[in-house]
Enquirer: 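Mind looking over this structure? Questions follow.
Source: prediction; values computed, not measured. So that the names make sense, note that chain A is the first sequence line, chain B the second, and so on, each numbered from 1.
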Amino acid sequence: MEVPILKQGSYLIATVQGALTDADLLELRAALLERVVRMRSQGVILDLTALDVMDSFASRTIREIADMIRLRGAATVIVGIQPEVAFAMVQLGLTLEEVTTALDLEEGLAYLNQKSKEARI
Amino acid sequence: MVRKRNEDVVVFTQNTTIEATESNQTAPRLLRELVAHLRQNRTPLREEWVRRITEAQLLTAMSKPEIFAEATSVYDSYVVALETGTFEALQNYARSLSERIIPRGVETHEVIGIVLLLRDVLARSLFAKYQGNFEELNRILDAYEPAANRIANTVAVGFVQERERIIRQQQEAIRELSTPVLPVRERLLILPIIGVMDPQRARQLTEQLLHGIRTNRAKVVVIDTTGVAAMDGTVANHLVLTVQASRLLGATVIVTGLSPEIAQTLVTIGVDLNKMNTAGDLQGGIEQAERLLGYKVIPIAEAS
């Protein structure tokens, strides 16, 4: 299932619509990394509200996406992880240590706005 | 029921139709005789029973008139159960009796004790009545004993079931009470933990907290463990997982009031303490949370 990527101001929003295969994840990674520079985005929001399973590959890929986007000059926020998914993840040791997380899209946008405001100062 | 009914035994051993029909008629006759005997001697037998109960120091939580009143009802349902062979009424009575006496601290051994006493009292009265005729006594005991055992069983089981039901109900109530997730300020939740943490409670706590974060859109959560004396490695580990899962939902967790014992457990299981925000007490935790949320609390005098 392809993940649509929307441009919202200086941010990119990728909303996952359902279960993702490994190939989908790699495709998503490539698309995000390409667009983040092409669209001169400052931040990327990855919305996982519709995701009800997260395996180690997905978790690792998400961490890689965040790291790579940082190297491409933007920030990443993961939003909308479901409570059950969150607990299943930490039980498997997938804690997304270095990645910023937020409750939902609104929180994610607030975080990015705050961050760009700080950057301007 | 351990013993076989009278007629079954006869049919099985002697296998003659004449004998069988004869005893098929005798068994109900004996039971009727037995019931009539118990009805006739209702007052003396009841009194004897109550005397034995008091003597054995059972039901000390109840007064004598109360014991007598309950004894009368039990006696009557006992006789009815013997007469009809149906135990529903007795079962219901046993349940309602248990409901009344459990809150007063009546113990299982007391209930079983009094039912067995009644059985003994009645058996003795039968001995006294049929002492001249040993065969008749044997037959009447054959009719009496299985029914009496079943009655004792019914009452005891009813009591224990009622007790277990109450215990389950209380456990449920304690569980619900034990993990309240309280919003104290916009986007700030407090989760006080009081009492012993077992794995089941820990799981429930996690579930409530994670859903609480979602519904209240919390950004900061203060988990206060002042009321927990100690927790084992499993539960401590669970607490750490809860902290990490909350972060995945975008909330920061501050753990406050960790006792020396719990601190020791956390260090022993090797938790990466850099990932955990902690404060000495709940007050410190709330102050830290307010700073994270951008609140500043100042006295009114200073503000004006």
Enquirer: Is atom NZ of Lys115(A) surrounded by more than 12 heavy atoms (other residues, nucleotides or ligands) closer than 6.0 Å?
Expert: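 12 or below, so no.
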Enquirer: With a 4.5 angstrom heavy-atom cut-off, is it the side chain or the backbone of Arg203(B) that approaches chain A, or both, or neither?
Expert: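 Neither the backbone nor the side chain of Arg203(B) comes within 4.5 Å of chain A.
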Enquirer: Given a strict heavy-atom distance threshold of 4.5 Å, which part of Gln82(A) is in contact with chain B: side chain, backbone, both, or neither?
Expert: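 Contact with chain B: backbone and side chain both.
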Enquirer: Side chain, backbone, both or neither: which part of Val77(A) has a heavy atom under 4.5 Å from chain B?
Expert: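 For Val77(A), no heavy atom lies under 4.5 Å from chain B.
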Enquirer: Would Leu96(A) and Gln244(B) satisfy side-chain contact (heavy atoms from CB on, under 4.5 Å), going step by step from the backbone distance to the final call?
Expert: CA-CA 9 Å; Leu96(A) 292 178; Gln244(B) 291 172 340; over 6 Å; no
Enquirer: If you count the non-hydrogen atoms of other residues, nucleotides and ligands that lie under 6.0 Å from CD in Glu186(B), is the total more than 12?
Expert: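 Open.
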Enquirer: Using every non-hydrogen atom in the two residues, find where Leu248(B) and Leu94(A) come nearest and quote the distance to one decimal.
Expert: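 Distance-wise, the nearest heavy atoms are CD1-O, 4.1 Å.
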Enquirer: So, taking the atom named CG in Leu103(A) and the one named CG in Asn216(B), what distance separates them when rounded to the nearest 0.5 Å?
Expert: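 Here the interatomic distance stands at 10.0 Å.
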Enquirer: Any heavy-atom pair between the side chains of His211(B) and Glu84(A) that's under 4.5 Å?
Expert: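 Yes, side chains in contact.
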Enquirer: If you look at every heavy atom in Arg247(B) and Glu97(A), which pair is closest and at what distance?
Expert: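 That closest heavy-atom pairing would be NH2-O, 3.6 Å.
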Enquirer: Counting only heavy atoms closer than 4.5 Å, note whether Leu92(A) contacts chain B via side chain, backbone, both or neither.
Expert: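 Neither part, no heavy atoms under 4.5 Å.
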Enquirer: Most heavy-atom pairs under 4.5 angstrom with chain A, which of Leu241(B), Thr242(B), Val240(B)?
Expert: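 With the most close heavy-atom pairs to chain A, the winner is Leu241(B).
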Enquirer: With a cut-off of 6.0 Å (strictly less than), are more than 12 heavy atoms of other residues, nucleotides or ligands near CD of Glu34(A)?
Expert: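 Result for CD/Glu34(A): enclosed.
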Enquirer: Would you indicate whether Gln8(A), at its atom CD, is surrounded by more than 12 heavy atoms from other residues, nucleotides or ligands within a distance under 6.0 Å?
Expert: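 Atom CD in Gln8(A) is not crowded, with 12 or fewer foreign heavy atoms closer than 6.0 Å.
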Enquirer: Ile213(B) versus chain A, heavy atoms under 4.5 Å apart: side chain, backbone, both or neither?
Expert: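 Both parts, backbone and side chain.
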Enquirer: Any side-chain heavy-atom pair from Pro83(A) and Arg214(B) closer than 4.5 angstrom?
Expert: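 The answer is yes, as the side chains (C-beta and beyond) meet within the 4.5 Å cut-off.
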Enquirer: Quick one: which of Thr95(A), Thr101(A), Asp104(A) has the most heavy-atom pairs under 4.5 Å with chain B, could you say?
Expert: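 Sorted descending by pairs with chain B, the first entry is Thr101(A).
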Enquirer: To the nearest 0.5 Å, what is the distance between CZ (Phe87(A)) and CG (Leu209(B))?
Expert: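 Going from CZ on Phe87(A) over to CG on Leu209(B), the span is 10.5 Å.
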Enquirer: For Glu2(A), I'd like to know if atom CD has over 12 heavy atoms of other residues, nucleotides or ligands within 6.0 Å.
Expert: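 Open.
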Enquirer: Check the surroundings of atom CZ in Arg104(B): do more than 12 heavy atoms from other residues, nucleotides or ligands lie under 6.0 Å from it?
Expert: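 Atom CZ in Arg104(B) is crowded, with more than 12 foreign heavy atoms closer than 6.0 Å.
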Enquirer: Quick one: closest heavy-atom pair of Ala86(A) and Ala245(B), and the distance?
Expert: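 For Ala86(A) versus Ala245(B), the nearest heavy atoms are CB-O, 3.7 Å.
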